[in-house]
Number of protein chains: 2
Amino acid sequence: MVRRRGDTRRDILSAAEHLFQVKGFNGFSYQHIAQELGVRNAAVHYHFPSKGDLGLAMISRFREDFGWWRVQQEARSTTGSQRLEAFFGLDRRYSEQRKVCPLGVVGVEFAGMPPEMCREAHALVDDVLSYIEDALALGREDGTLSFDGELPAVALHVLAATQGGLQLGRLQGPRGFDTVLDGLRSVLRMAGPADGARVAG
Amino acid sequence: MVRRRGDTRRDILSAAEHLFQVKGFNGFSYQHIAQELGVRNAAVHYHFPSKGDLGLAMISRFREDFGWWRVQQEARSTTGSQRLEAFFGLDRRYSEQRKVCPLGVVGVEFAGMPPEMCREAHALVDDVLSYIEDALALGREDGTLSFDGELPAVALHVLAATQGGLQLGRLQGPRGFDTVLDGLRSVLRMAGPADGARVAG
DNA sequence: GTCTATAACGTGATAGAC
DNA sequence: GTCTATCACGTTATAGAC
């Protein structure tokens, strides 16, 4: 595998993100990253002097990527239901790869994590909740969603359930996560992902 | 601190469980446990030769404790709503201590964990889901709960939401978890913990 | 049942050559 | 920007005395 100059930093982040979502923050080391990329331990330290730097950069990139993803989705999805289903699709890909949400990793390993990482993760939570809230508000307006409760509370409920679902799915098999998604669709009076083909509940 | 003979094994498990729920499985070491108990590293290895043994014993004790708790609750709680609220109370104590559910820890660090630990955690998931399902079934019968969907799916939804809520609560403050609980009460048409004083939604 | 001592290894991290 | 070489430390784990 030939590696172009300037890609190293990006590749390190990609490898780290993968390991992060599969094994947790304390579950991987610089050596794992270096081995996977075919570079030396010290090369990783060059780009990210401390593991805290690496972790912070990771969460920042998650935020950037989510920001871009959001812009695209809000341009292409016209209904609240579609926007929420798009978010479910994000997590569903994680589920297929047997990954968990990065927010879940921070949530569990919170106490031993660099403070800057936690602050950035908090900001990511706000970003995601903002997207979900907007989708819920739109869906309530356009009639594709129907639910009781205040928007921030319902958005938090959705995020909590998907996160927990991803983790339980690892123990129960991928069907576990799909079941949680169906439960959420039922609560939000939402058609299935195949555009009305399925009625949950 | 005087230590009676025979308590060491139990004390090790207690200390390990605390660290497990606060810092994750990869977030603590034998030294942390030994320091907290005022014994030597090797004393811990005497009781639990490998960290996998310790982890397995931990999850097994969680299962035992939950089994006892369940028997007590099912004897003292007469309605489905009360039984579910009792389960919420368990997690609420975790939230106050800024702990997460042990199942969440296994869910996140799954890939790097001893296989026996994962199997035992899977069994614990089944135990907890069984309790929730029974509570839901009773509540539907006695009229204290009302919801759509099949019992196993709803039970999974409840467990996923509480787990995710505990983790998000660490980033958002303890109020975050309470909000998730209120959302669940709303979905299940359930009165608040103070016996009808609060109406969620 | 607990200790001392120590092994064997992995970890995050640094210095300095190229 | 990446390398070799290495450090100091923490980790799990073992052997053998008490």
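Proteins come first, then strands; the chains are lettered A, B, ... in the order of their sequence lines, and each starts at number 1. All values reported here derive from a predicted model rather than from experimental measurement.
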Asker: Got a sec, which residues hit side-chain contact (heavy atoms from CB on, under 4.5 Å) with B:Leu184, two or more places apart in sequence or on another chain?
Answerer: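 Per chain and number, B:Leu184 pairs via side-chain contact (heavy atoms from CB on, under 4.5 Å) with A:His157, B:Phe88, B:His157, B:Val158, B:Ala161, B:Thr162.
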Asker: Any salt bridge linking A:Asp127 with A:Arg70? Criterion: basic side-chain nitrogen under 4.0 Å from a carboxylate oxygen.
Answerer: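 No, A:Asp127 and A:Arg70 are not salt-bridged.
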Asker: Report all interatomic pairs (protein N or O, nucleotide N or O of nucleotides 11-15 of chain C) with separations under 3.5 Å.
Answerer:
{"from": "C:dT11", "atom 1": "OP1", "to": "A:Ser29", "atom 2": "OG", "distance (Å)": "3.4"}
{"from": "C:dT11", "atom 1": "OP2", "to": "A:Ser29", "atom 2": "OG", "distance (Å)": "3.4"}
{"from": "C:dG12", "atom 1": "OP1", "to": "A:Lys51", "atom 2": "NZ", "distance (Å)": "3.1"}
{"from": "C:dG12", "atom 1": "OP2", "to": "A:Tyr30", "atom 2": "N", "distance (Å)": "3.0"}
{"from": "C:dA13", "atom 1": "OP2", "to": "A:Lys51", "atom 2": "N", "distance (Å)": "2.7"}
{"from": "C:dA13", "atom 1": "N7", "to": "A:His45", "atom 2": "NE2", "distance (Å)": "2.8"}
{"from": "C:dA13", "atom 1": "N6", "to": "A:Asn41", "atom 2": "ND2", "distance (Å)": "3.2"}

Asker: Between D:dC18 atom P and B:Arg40 atom CZ, what is the distance in whole Å?
Answerer: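 Whole-Å distance recorded here is 18 Å.
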Asker: Could you tell me which non-hydrogen atom of A:Phe62 sits nearest to which non-hydrogen atom of A:Gln21, and how far apart they are?
Answerer: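 Heavy atoms of A:Phe62 and A:Gln21 come nearest at CZ-OE1, 3.6 Å.
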Asker: Starting from P on C:dC3, measure out to NE2 on B:His47 and report it in whole angstrom.
Answerer: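 Rounding to the nearest Å, NE2 of B:His47 and P of C:dC3 are 9 Å apart.
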Asker: What is the distance, to the nearest angstrom, from the CG atom on B:Asn26 to the P atom on D:dT12?
Answerer: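 Whole-Å distance recorded here is 9 Å.
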Asker: Within a strict 4.5 Å, meaning less than it, do heavy atoms of the A:Leu103 and B:Gln167 side chains meet?
Answerer: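 A side-chain contact under 4.5 Å is absent here.
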Asker: Is NZ or CZ of A:Lys99 both nearer than 6.0 Å to the six-membered ring centre of A:Phe20 and within 45° of the ring axis?
Answerer: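 Ring-cation test returns no.
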